[in-house]
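Below: one structure, written as structure tokens.
A, B, ... follow the sequence lines: proteins, then strands. Residue 1 opens every chain.
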Amino acid sequence: MSTRGGTHLWVAQRVTAMFLAVAVLVHLATILVAVRGGLSAAEILGRTRGSAAWLAFYAVFALAAGLHGAIGLRGIAAEWLGWRGRGFDAAWLTIGLLTAIFGIYAALGLYAA
Amino acid sequence: MEQGTLRVSVWRGDAAGGAPQFYEVPARANQTVLDVVTHIQREIDPSLAYRFACRVGMCGSCAMEVNGRARWTCRTHVKKVAQDGTLELRPLANLPVIRDLATDMAPFFDKWARARGTFQPKDAPDGAVPAEFHIVPPATPKRQAADAGIECIGCGVCYASCDIVAWNPEYLGPAALNRAWTLVNDVRDGARQERLAVVAGDAGCHACHSTQSCTERCPKGIDPSGAIAGLKRTLFWNVFGVSR
Ligand code: SF4
Ligand code: SF4
Ligand code: FES
């Protein structure tokens, strides 16, 4: 990883952390509110179906979580297992994006259900 | 004045390996750890290898592990660190051993060079003396940030105390990054961007976990951890084109 890339990864992790700090609170608050009338699929879908705002929120959430997690795991693996270098970087990027895509796919499912 | 006996374990060996050896040294008032080592070498075993020069905390050559902690031995009083009259001395961690208590400091200083630890005058890139003196008012924030780290004596105590150096042999380490930070804040220096580029990334400031062992143990009261945080901050804003 070039030193320039290193700064970008660090910036990405800090920026996603800032977003996630807020997003996780929104997510938890939504859960608390949602279960007050009993948890039902119909109620969840009633909130998310066709809602572009929820779709956007969870899409960005999933992207941030995927990247944040992968960058963090990359650092841990480099220090503890010595997994360093371009090959591993590519693998972590793939893992991060795959995680994000699964999340976005799920959010799309709720939107289009 | 003699005050009983110290039991001293000293690691003896070389790059191939070694083991502790035990010595009995007369305890004295106001004795430093370096005094103890010198006593062993002069009175008991002249083959003991160790390093010192100034004996007054200026040269940075006498650091060792004392009872498991890196310290400058010429300014460390035995009574402050001995546990039940015993001392355990080992060569500085995270550096190759040459022999006994003498480590090879080359990797440590090579990293200063890699972090562009040399001042590069703005007005005279070829190294010539600038025609005019630069005026740097002492009260300006940049000058104060540079002053905070400038008294480093290169003893390697911080480097030996950093877990990240142990885990990642490429990591530039606290002292080299602290040096880079003083130069990043030196308004007379002309290599700011190049220096910021080489101290970024996995071998540079972004590898630091901010655990602050370096700051806790620096005998000069320098805060390399804070310097590294400063580099991270500066690089963060640099990405957005903001120069701070
Ligand atoms: S703050 Fe950074 S440089 Fe200092 S000991 Fe911790 S990891 Fe090492
Ligand atoms: S920062 Fe402190 S501990 Fe590190 S080399 Fe300089 S004087 Fe020694
Ligand atoms: S001998 Fe110079 S700093 Fe200790």
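B:Y159 and B:K111 share a donor-acceptor pair across their side chains, judged by distance under 3.5 Å alone. In summary, the side chains of B:N238 and B:Q193 do present a donor paired with an acceptor at a separation below 3.5 Å, with no hydrogens or angles considered.
Using a 4.5 Å cut-off between heavy atoms, B:A207 touches chain A through its backbone atoms (N, CA, C, O) alone. Residue contact with chain A, scored on non-hydrogen atoms closer than 4.5 Å, is absent for B:L196. Of the atoms belonging to B:F240, it is side-chain heavy atoms, and not backbone ones, that fall under 4.5 Å from chain A.
Relative orientation of the A:W10 and B:H206 rings is tilted, given thresholds of 30° and 60° on the angle between their planes.
Counting heavy atoms from C-beta outward, B:E170 and B:R114 have side chains that approach closer than 4.5 Å.
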